[in-house]
Amino acid sequence: MNFKAITGRMTGIYDDTVNNNVSDRLWHKIGRDDTAKPVVMGRVDLLIAACFCLIAICIAVSGFSLASHEPGLLEYKNIWFQADIARVIDNMTNRGGSHWRTSVHPITSILLYPIGGLLTTLGLSPTTAARMVVVLFCALNGGMIFLVLRRISLPRIPAAVFASLFLGSAAVIFWSAVVELYPIACTSLLMALFLMAPGHKSRRRWWIIVSAFTLSITVTNWAAGLIATFVRWRLKPFLLISASVLGIVLALSITQFFLFKDARIFIDPQGLKWDAVSFSEPVMEKRGQLHTGWNPVGNVAVLYTASVVAPPARAENQGGELVETNQFGRFSDHTPAGLIATIAWLALLGLGIWGAIQNRQAHTFSIGLGLMLLANGLLHSVYGEVTFLYAMHVIPMLTVLAAMSWFSPARYAGVALALVVIVAGGGNNIVQFQDSARLAGKIAVMPGVQQIQGTEIAH
């Protein structure tokens, strides 16, 4: 397969009035990405990406194997950091199940059921079929992160180091091991970063497809698709691309409404309002439903650190349900390895910010990357009681920001810190995942859990 031929079909040079930055005057002040020299990727890059795909598959399969010994993860909702695993399995494999969460996951059923339904038709159990769907996207994530890092001009060895950091992160280890939509959403975010990379201009249809993908899995992730499009296109094409995306997803959502039981049209204001109010921490605090009190700064800190280095988890009663959480743990709660990795990670983020500022040829990309992280930080400062639930929504951007340390004067210090995070943080994350799985099993057999959090699902 000719990799250059594939990328050639995705890229094309347009007149400067069509594919350019949103404001010439703004980008003239900060430096234009058009001066960046595109990275030409070849067969060696594809081979390395394929190796990372295989590693990601091994991580997911190993995690599923361990999680399968704790059946409460499948039967009972919300135990695993508020994840709704049983519902996602059912939605991927059962058209007659309740697809009511399509109000915020716009067209997941119509996209994923054909794969899951086909696998169950071939004789696989619903759980096995859903796991295979997740493993597929985990594999894509492993390869995509390396290609994104190469696309922003990292040499192969540093790109491999930071791709390893991604695969050893708490987000990947914890969320590759259960059936949820987060690994699939992660794929869409990586694709948006790939298109947004400096020095590359892609055909409009690819922007429509990728932006639609970011919207299709989780409605709030469209922010990434919109931001990527906004910083790489002028205003008129940006509006046309975004309107096309909205029209395509809406048409599929309406089709889905008639094909799947209880499916919702995602622009339904009532459904979106219910979700926003039900999971808004300020509202929950006023109702006395928030266990720890609203702490927006703490939420963001957990999002940006626990996604990489997992703190110890504990059981907590949230609204009458027993939930596993690592929210607002003390810094001293970390294992020695976790503590070392967290300190190294914070230092690496600082170098990444420095490198993003230093790399003038990629300022537009850096601005887009920063806006994506800011959007997630603002959202989860108020939304979601367990921030770790959304770790896969930020780990692509966090990894790329850390990799920007390569463009700082302290590039080798950045690589050294990344290796510390990989070794100490990865080891810590494996231990914390094992402990969390055992804790989930203990929660599942506690009195009242089956009655309150039980969900019927065919395995």
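Only a predicted model underlies this, so the values are computations on that prediction, with no experimental measurement involved.
Taking the side chain to side chain contact (heavy atoms under 4.5 Å, CB included) definition, one finds that Y113 meets it with R95, F260, sequence neighbours left out.
Residues V148 and M191 are not in side-chain contact: their nearest non-hydrogen atoms beyond the backbone lie 4.5 Å or more apart. Two residues are said to be in side-chain contact when any heavy atoms from C-beta on lie closer than 4.5 Å; M196 and V231 meet this criterion. Between N326 and Q432 there is no side-chain heavy-atom pair separated by less than 4.5 Å. For the pair S164 and F52, the minimum side-chain heavy-atom distance is below 4.5 Å. Between N141 and M392, the closest side-chain pair of non-hydrogen atoms falls below 4.5 Å. Side chains of T127 and V179 form no contact here, defined as non-hydrogen atoms less than 4.5 Å apart.
Nearest heavy atoms, A177 versus I173: CB-O, 3.8 Å. Here the closest non-hydrogen pair linking L303 and N376 is CD2-O, 3.9 Å. A pairwise comparison of heavy atoms in L378 and S381 identifies O-OG, 2.7 Å as the closest pair. Nearest heavy atom pair, residue A197 against residue R151, reads CB-CG, 3.2 Å.
I241 pairs in a side chain to side chain contact (heavy atoms under 4.5 Å, CB included) with only one of the listed residues (K236, R205, R204), which is R204. Of the listed residues (T108, V134, I115), just one forms a side chain to side chain contact (heavy atoms under 4.5 Å, CB included) with M92, and that residue is V134. Between N78 and the options E324, E321, Q318, a side-chain hydrogen bond (donor to acceptor under 3.5 Å, both in side chains) holds for only E321.
Remark: C53 SG to L136 CG distance equals 9.5 Å, nearest 0.5 Å. Taking CD1 of I443 as the reference point, atom OG of S436 lies at 9.0 Å (rounded to 0.5 Å). Remark: L189 CG to Y182 OH distance equals 12.5 Å, nearest 0.5 Å. To the nearest 0.5 Å, the span separating CG on L190 from CG on L195 amounts to 11.5 Å. Taking SG of C186 as the reference point, atom CH2 of W175 lies at 13.0 Å (rounded to 0.5 Å). Rounded to the nearest 0.5 angstrom, L322 CG and I79 CD1 are separated by 8.0 Å.
Residues W80 and F433 bring their aromatic ring centres within 6.0 Å. If you look at F146 and F162, their ring centroids are not closer than 6.0 Å.
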(request) Kindly determine whether W207 and S202 satisfy side chain to side chain donor-acceptor pair (under 3.5 Å), including the steps that lead there. (result) CA-CA 7 Å; W207 284 91; S202 301; 4.5 Å; no
(message) Determine whether T214 and N221 satisfy the following criterion, side chain to side chain donor-acceptor pair (under 3.5 Å), listing intermediate values before the conclusion.
(response) CA-CA 5 Å; T214 61; N221 279 343; over 6 Å; no
(request) Go through the steps to decide whether S65 and S68 satisfy the test side chain to side chain donor-acceptor pair (under 3.5 Å), and finish with yes or no. (result) CA-CA 5 Å; S65 177; S68 65; 4.9 Å; no
(message) Quick one, H380 with T387, criterion side chain to side chain donor-acceptor pair (under 3.5 Å). Give me CA distance, side-chain angles, the key distance, then yes/no.
(response) CA-CA 7 Å; H380 294 298; T387 317; over 6 Å; no
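In summary, R150 and D45 engage in a salt bridge, as defined by a charged side-chain N under 4.0 Å from a carboxylate O. Look at R87 and D90 and you find no salt bridge, because none of the NZ, NE, NH1 or NH2 atoms lies under 4.0 Å from a carboxylate O.
With hydrogens and angles ignored, the 3.5 Å screen pairs a side-chain donor or acceptor of T325 with a backbone N or O of Q327. Side-chain N or O atoms of H105 include none that pairs as donor or acceptor with a backbone N or O of L181 at under 3.5 Å. A distance-only check finds a donor-acceptor pair linking the side chain of S216 to the backbone of F213 [under 3.5 Å].
Between F174 and F388, the ring planes are perpendicular. Angles over 60° get that label, and only those under 30° would be called parallel.
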